[in-house]
Asker: 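Dumping the structure here so I can ask a few things about it.
Worth knowing before you read on, the calculation uses all heavy atoms, side chains too, and leaves out hydrogens, waters and symmetry mates. Note that the structure is a prediction, hence the values are computed from the model and not measured.
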Amino acid sequence: MPELAFFRHGEELLRVTLGDRTAIGRAPDCDVSLPDPALSRIQAVVERRADGFHLVDRSGRGTRLGSAEVHEAPLADGAELTLGAWRALFRAAPAEGVESTHAGGTQLRQAIPPPEAAPPARLRIRERGRERSLTVPRAGLTVGKAPGNDVVLSDPFVSACHLRIEPRAGRWYLVDLSSTNGTLLGGSRVERAELPFGLPLQLGDVELVLEQPSPAEAVRPAVFEQMLSKDPGMRRVFELVERVAPSDAAVAIFGDTGTGKELVARALHARSPRASGPFIPVNCSAIAETLIESELFGHEKGAFSGAERLRKGAFEEASGGTIFLDEIGELPFDLQAKLLRTLELGEVKRVGASRPILVNVRVVAATHRDLRAQVRAGKFREDLFYRLCVVPLTVPPLRQRRGDVRLLAETFLSASAPRGVALRWSDEALTRLEGYDWPGNVRQLRNVVQRALLFRGEGQVIPASAVVFEDTRASDGESGDDDTLSLRGLTMEEVEREAIRLSLRRHRGKRSAVVRELKIAKSTVLKRIGQWGLQDEGRTPGQSTADDADEAG
């Protein structure tokens, strides 16, 4: 029977056998549901007539067939339809070696694989910001909300028995078990289809990815651009960056604060054909709402009070390169429509300008928020979400890749140690680092390493006592004479001031003892004492400055 083969970013994702009437559009009840904001709920219908198959537009705007927008036209073998980010190829006869399967409204054609066992596989599950993985049994597994499933999910949009992943003729297939909200494979709603490795599977707000275990991952280099990791989860991020970087597709980077989302964005830029162009980062949460439109799109001279000269916005500055919109979830709702227009048309309009300006930029966005939840809450536009999330990419938190803690800690220590001093961690210190949960991720680990350098004491081995976390406070039980340091919320300058202050207290104001304990240059200690007004710290009333006469030498 005739069929439509659907492609996205050059990759064939599914084939649909054509019946008497096949509806294509954005609505979930279409025979082929493509969640693309550029499409109407029912974009077009393919009808069987006496003289063959015909394309009938239902959007009112026309559907692109070949190079023309048509409202109705016959389909010849090899005809190509453009449906938003999708491309559909009409075939009058199916490709050799395929068989038809029919399930519900969507009818998929699947290649007949050779008679062999399905390859080993792992299933990675991302649910509510947490990630876990498990080995897929040879017989397959079921996924749903009911306790009897092999994978039990708590998402309210997942059905009791949602889907099954099963082996068939040497490959893995998914079968939707008549779920209420459906199953999206690569962004398209399907009932039954082959499940390739690495292609995201969406159930409500849960993402499943079938992965093939690779023993070669352990021997790959640990450094990728400026990122350092041997964890399989991060290696998959690196591989996806390499695959996506050559294209101009918009990328959305998700992950907790401090995981290195900007480093991933810079890697995408560095590995792309735009590497010679500018990389412009914009933190949407750090700009006042009254100024963010001017920051992104620029303004004309005199456009508002204080606009004394023409100013280019970040999009103009990034033309020919990449713009990185960090914390995109903080963008005000009224500006989201203007950003969507820029993404769709490739043009910006400065504040106070009468004409738009064409720009050529690649957009990479990042956020630590759950954008899907914000869409449901009405705080983020759904159409903008799909424009930004052409390629979603999740950076795993440090607590899920504990094997990287030792590697990163040793690297940060080597980079921060004084020149010519070979420092190393004690086994107890590394055990303490690896046992921590790291809510602040890699950024927090770097700060802990820098503090450990201040508190290491004598010798070249960093003891466990020098490893102090922000939520830890030691106490000697004397509330009035406490000479330990509470680090919650302190900056590095405040940490240095507190370290010198407490050392002065311990050594009764003797500067030379502070220099020996903290391993800081004498001139620096004296400068900081004067700068921060610590001249009397630790001294007893009437103590003579002659006690520190050695400091003048």
Asker: Has Arg446 got its NZ or CZ under 6.0 Å from the middle of the six-membered ring of Phe412, at an angle within 45 degrees of the ring axis?
Answerer: yes
Asker: Taking atom types as modelled, find out whether Arg164 and Thr142 have a side-chain donor-acceptor pair closer than 3.5 angstrom.
Answerer: no
Asker: Any side-chain donor-acceptor pair under 3.5 Å between Thr259 and Asn441?
Answerer: no
Asker: Looking only at heavy atoms, which two atoms of Leu325 and Val363 are closest? And how far apart?
Answerer: CD1-CG1, 4.1 Å
Asker: Keeping the roles fixed (side chain from Ser159, backbone from Cys161), state whether a donor-acceptor pair exists under 3.5 Å.
Answerer: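 Judged by distance alone, no pair lies under 3.5 Å.
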Asker: Can Ser40 and Arg61 be counted as having a side-chain donor-acceptor contact under 3.5 angstrom?
Answerer: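 Distance-only check passes for Ser40 and Arg61.
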Asker: If you measure only the distance, is there a donor-acceptor pair under 3.5 Å linking the side chains of Thr183 and Gln202?
Answerer: no
Asker: May I ask you to check whether Asp57 and Ser59 show a side-chain donor-acceptor distance below 3.5 Å?
Answerer: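 A pair is found: one side chain offers a donor N or O, the other an acceptor, under 3.5 Å apart.
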Asker: Return the minimal non-hydrogen interatomic distance between Ala121 and Phe197, and the atom names on each side.
Answerer: CB-CE2, 3.7 Å
Asker: Starting at CD1 of Ile462, measure out to CD of Glu410 and round the result to the nearest 0.5 Å.
Answerer: 12.0 Å
Asker: Do Asn181 and Arg189 have a side chain donor and acceptor closer than 3.5 Å?
Answerer: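 Distance-only check fails for Asn181 and Arg189.
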Asker: Look up atom CZ in Arg87 and atom CG in Leu81, then write down how far apart they are to the nearest 0.5 Å.
Answerer: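 Going from the CZ atom of Arg87 to the CG atom of Leu81 covers 10.5 Å.
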Asker: Taking the six-membered ring for Trp, are Phe380 and Phe385 closer than 6.0 Å centroid to centroid?
Answerer: no
Asker: Looking at residues at least two apart in the chain, or sitting in another chain, which of them share a salt bridge (charged side-chain N to carboxylate O under 4.0 Å, His left out) with Lys379?
Answerer: none
Asker: Can you name the residues that form a salt bridge (charged side-chain N to carboxylate O under 4.0 Å, His left out) with Glu327, not counting sequence neighbours?
Answerer: none
Asker: Any sub-3.5 Å donor-acceptor pair from Thr342's side-chain atoms to Lys338's backbone N or O?
Answerer: yes
Asker: In Å, rounded to the nearest 0.5 Å, how long is the span from CG of Asp31 to CZ of Arg21?
Answerer: 7.5 Å
Asker: Less than 3.5 Å apart, which donor and acceptor atoms pair up between the side chains of residues 277-286 and the rest of the protein, not counting sequence neighbours?
Answerer:
residue : atom : partner : partner atom : Å
Asn283  : OD1  : Ser285  : N            : 3.0
Asn283  : OD1  : Ser285  : OG           : 2.6

